[in-house]
Amino acid sequence: MTTPAPKDLDELMQRVDDMAGLTLGQLASHHGIPVPENLRRDKGWTGQLIETHLGATAGSKPMQDFIHLGVELKTIPLSLSGSPLETTYVCVAPLINIQGLCWQDSLVKHKLQRVLWVPIEGDRQIPVAQRRIGTGILWEPNNDEEQLLKQDWEEIMELIALGKVESVSARHGDVLQLRPKAANSKVVTEAIGKEGKTIMTNPRGFYLKTGFTASILARAFG
DNA sequence: TTCTGATCATAG
DNA sequence: CTATGATCAGAA
């Protein structure tokens, strides 16, 4: 059961509203998809399920979600008290050939220009099949939010450009952080090292901290 | 309890 | 390996 791509924003949001309030189990059975016991070996399962229902690019290829609508889809796991449980992965961080790269041209800015957030109960006490899907919200960063993102991005990218990528921890940045992003710690990629030499290091990705996503949801739901 | 660093599955 | 989708789980 695959859903065709939505033709416009109204159709997309209609589908979002249709699934609000359902459990993951209900949505999965509707699409004939088995529900895993837990997400330990299926970390991307929830995101894939929502993509299937909304008609995003069929579960394979490098994803562009709803490229024709300029929308990026993100699911966000919520605790019982309604706050985000996890940081939100944005994209990989470029570690080489970054001279002259500015915020306006960055992957982070482009990915976050317009995001469809779908909150989902994520407390580990709740069986996956019984977790409920919330009301999706379409978000675009306001000036304050973009400035916060831009500042953190520029600070982190400067350190990478200076060959200090291995000294950047998840503690850098207020709303955006740099963390490992790979199958495991043995995976390496090229990066800039001391004195401009090329080194091999663990790939990194940009993540939105939970406080930032929490404020986005707060702004949407009042 | 929260956060950071590590990890899982899949496709090309 | 890169990139998609993220959560796990031990340390702090």
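First the proteins, then the strands, lettered A, B, ... as listed; each starts at 1. Computation of the quantities below employed the complete heavy-atom set of this structure, encompassing side-chain atoms and omitting hydrogens, waters and symmetry-equivalent molecules.
For A/Leu73 and C/dA6, the CG to C1' distance is 12 Å, given to the nearest whole Å. Between the CZ atom of A/Arg204 and the C1' atom of C/dC1 there is a distance of 16 Å, rounded to whole Å. One can place CH2 of A/Trp45 at 25 Å from P of B/dT7, the figure rounded to the nearest angstrom. Computed from coordinates, the A/His172 NE2 to B/dT4 C1' distance equals 13 Å when rounded to whole Å. A straight line from CZ of A/Phe206 to P of C/dA3 spans 13 Å, rounded to a whole angstrom. In this structure, the CG atom of A/Leu49 is 16 Å from the P atom of B/dT10, given to the nearest Å. When rounded to the nearest whole Å, the span between CD1 of A/Ile67 and C1' of C/dT4 equals 14 Å. In this structure, A/Leu95 places its CG atom 9 Å from P of C/dT2, rounding to the nearest Å.
You'll find the side chain of A/Thr87 stays beyond 4.5 Å of the side chain of A/Phe212, heavy atoms only. Residues A/Ile199 and A/Ile192 are not in side-chain contact: their nearest non-hydrogen atoms beyond the backbone lie 4.5 Å or more apart. Between A/Tyr207 and A/Leu178 there is no side-chain heavy-atom pair separated by less than 4.5 Å. Looking at heavy atoms from C-beta onward, A/Thr75 lies out of side-chain contact with A/Ile133 at the 4.5 angstrom threshold.
Side-chain proximity of A/Glu72 to C/dG5, C/dT2, C/dA6: nearest is C/dG5. Closest approach to the A/Thr210 side chain among B/dT7, B/dC3, C/dC1 is made by B/dC3 (side chain taken as heavy atoms from C-beta onward). Of all nucleotides listed (C/dA6, C/dC8, B/dA6), B/dA6 comes nearest to the side chain of A/Pro180. Side-chain proximity of A/Val187 to B/dG5, C/dA6, C/dC1: nearest is C/dC1.
Looking at heavy-atom distances under 4.0 Å, A/Thr75 makes contact with sugar-phosphate atoms alone, never a base. Contacts of A/Arg124 with the nucleic acid, taken as non-hydrogen atoms under 4.0 Å apart, include base atoms. Counting any heavy atom pair closer than 4.0 Å across all strands shown, A/Arg179 reaches a base atom. A/Lys181 comes within contact range of at least one nucleobase, with a heavy-atom separation under 4.0 Å. No contact: A/Thr88 has no heavy atom under 4.0 Å from any strand. Among the heavy atoms of the strands lying under 4.0 Å from A/Gly47 are primed sugar atoms or P, OP1, OP2 only; no base atom is included.
In this model, the phosphate group of B/dA9 is approached by a side-chain N or O of A/Arg41 to a distance below 4.0 Å at OP1 or OP2. Close to C/dT4, at under 4.0 Å from its OP1 or OP2, lies a side-chain N or O of A/Lys111. Contact annotation: A/Tyr89 does not reach the phosphate of C/dG5 (side-chain N/O to OP1 or OP2, under 4.0 Å). Taking 4.0 angstrom as the limit, A/Arg40 places a side-chain polar atom (N or O) nearer than this to OP1 or OP2 of C/dA9. Between A/Gln48 and the phosphate of C/dT4, there is no side-chain N or O to OP1/OP2 separation shorter than 4.0 Å.
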Verdict with reasoning, A/His53 to A/Met19, per side chain to side chain contact (heavy atoms under 4.5 Å, CB included): CA-CA 8 Å; A/His53 181 76; A/Met19 70 179 181; 3.6 Å; yes
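The hydrophobic cluster containing A/Ile98 does not contain A/Leu107, counting ILVMFWY residues as joined when their side-chain heavy atoms lie under 4.5 angstrom apart, directly or transitively.
Place A/Asp42 and A/Leu85 on DNA chain B by their nearest nucleotides, and A/Leu85 ends up nearer the 5' end. Projected onto DNA chain C by closest heavy-atom contact, A/Glu86 and A/Thr189 fall at different nucleotides, the more 5' of which corresponds to A/Thr189.
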